[in-house]
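Data block below; observations after.
Counting starts at 1 for both ligands and their atoms, in listed order. Values below: every heavy atom of this structure, side chains too, minus hydrogens, waters and symmetry copies.
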Amino acid sequence: MEEKSKGTLLMEELAYKKKNAYEEASETLRKEIFDYSEGYKAFLDAAKTERESVKEAIRMAQAAGFTEYNFGDTLSVGDKKYYNVHGKSVALFTVGKEDLAKNGIRILASHIDSPRLDLKQVPLYEDNGMAFLKTHYYGGIKKYQWTAIPLALHGVVALKNGTTVEISVGEEETDPVFYINDLLPHLGRDQMSQTGAKIITGEDLNVVVGGLPYADEKVKEKIKLTVLAKLNELYGMTETDFLSAELSAVPAFKAKDVGFDRALIAAYGHDDRVCSYPALTAILESTGNRTSLVVLADKEEIGSEGNTGMQCQVYVDLMQKIAEAKGADFAAVRENSKCLSADVTACYDPNFASVYEKSNSAILSCGTTICKFTGSGGKGGSNDASAEFLGFVRNLFEENGIVYQTAELGKIDAGGGGTVAKYIAKLNIDTVDIGVPVISMHAPYEMVSKADVYATYQAFAAFIKD
Ligand code: MN
Ligand code: MN
């Protein structure tokens with residue numbers, strides 16, 4: 001082999017180069033990456049909404065020995081607890097052995113809500129051979145992507161009698177699916193001359209739910225009545241019960257491997273279950289010797305509002321209860337706490353290269369991705385983590401052999417976005433965004449690399465390791 005030149009050696013020593021996690025991985029590690037992704041895909045299929053994610057997370061937590069916490073309960077060292085936030089968010093925590101005022105809490109904050117189509121409160125109508133449900137989209141979507149694909153309905157209905165009934169239709173092989181009409185290209189001349197935002201409008205996103213007329217000459221809206229009769233038979237509900245329902249249409253697709261080599265996964269709702277699942281599994285497998293908190297929050301896609309979003313006081317209350325249990329000053333605990341805001345970022349896409357600045361973009365399979373800041377324009381609305389905290393995180397990852405990269409969300413002024421990071425940083429907690437790069441983010445079927453999912457899991461596990 002030819003001897004490396006002095007310059008080549010110096011370049012290797014001094015210059016930065018991204019690494020592909022698959023290239024770096026041994027056979028054993030590749031197997032670990034692929035095995036881990038099987039659990040992740042099962043989680044994706046079981047948990048398509050925040051409510052289902054909470055249920056699945058609690059089921060897994062209980063199996064790992066975590067028990068429910070309620071405010072007023074006594075906490076002690078060694079506890080492994082979960083707190084259910086109105087069934088739509090869940091916080092899991094361990095009460096460790098350390099000096100908490102000195103070491104603080106290690107926090108992983110992710111979200112379990114994803115863009116989707118919520119039903120309106122008065123959704124059902126009949127029009128020319130079809131019954132429809134009107135929707136109001138949730139989160140940032142390209143509306144035209146939601147037509148002509150199989151949809152499932154998920155959610156709950158609070159009935160007049162005070163009970164709540166759960167609905168999930170469209171996931172089983174034998175289930176029917178639901179559908180949003182699109183225009184045939186033959187008549188699409190005017191539609192196709194519109195901008196992308198207007199090809200399909202919010203009011204066009206009406207979901208087909210029936211087509212069978214009720215057998216009674218006297219009835220005017222026969223198909224609507226067939227649907228109402230079926231809903232009454234299955235769930236005991238009447239049309240008025242839609243007023244107190246939370247039902248969502250989500251893609252009926254299952255999570256699937258992508259590619260001949262199965263290196264990638266396509267699924268609905270990678271954002272942000274692809275960070276929630278690694279955070280969840282990291283704390284469930286942790287010793288609990290360090291005080292850690294994993295938040296799977298709701299409402300991130302609409303600004304982290306409400307009593308299940310990251311801006312809610314409940315997460316601060318939980319931290320305070322943990323501090324009190326340890327007899328530690330809460331301000332000191334927060335000052336010394338550290339948080340990874342676990343959310344996805346845009347993956348560099350060669351098909352849309354013009355919106356990315358390649359050297360500062362996340363490259364697929366190059367590891368978990370640290371975003372020093374998010375926001376838009378001149379870093380507006382961003383947390384912008386400190387050099388010192390990035391130094392801490394970077395050293396932690398290097399010590400633990402974790403493949404990582406750094407990125408911005410596309411080119412300057414190409415757009416922007418935010419995460420929960422700024423709400424946690426406000427508490428005087430060092431926080432930085434980190435997560436899995438996603439192709440086609442917010443589309444009905446998004447894509448990630450298994451290697452990046454696993455690197456993210458390893459990163460989270462290292463962060464909360466004692
Ligand atoms: Mn997200
Ligand atoms: Mn998002």
| message | With 2.8 Å as the threshold, which protein atoms of type N, O or S lie near the Mn ion (ligand 2)? Leave waters out. | response | D271 OD2, E301 OE1, E301 OE2, H442 NE2
| K450 charged N/C atom sitting above F34 aromatic ring, 6.0 Å / 45° | yes
| NZ/NE/NH1/NH2 to OD/OE distance under 4.0 Å, D257 and K41 | yes
| field | Under 3.5 Å side-chain donor-acceptor pair for Y138 and S114 | value | no
| query | Taking the six-membered ring of Y137, is the NZ or CZ of K143 close enough (under 6.0 Å from the centre) and on axis enough (within 45°)? | reply | yes
| query | Does the side chain of Y268 pick up a donor-acceptor pair with the side chain of E446 at under 3.5 Å? | reply | no
| Do the ring centers of F43 and Y40 come within less than 6.0 Å of each other? | no
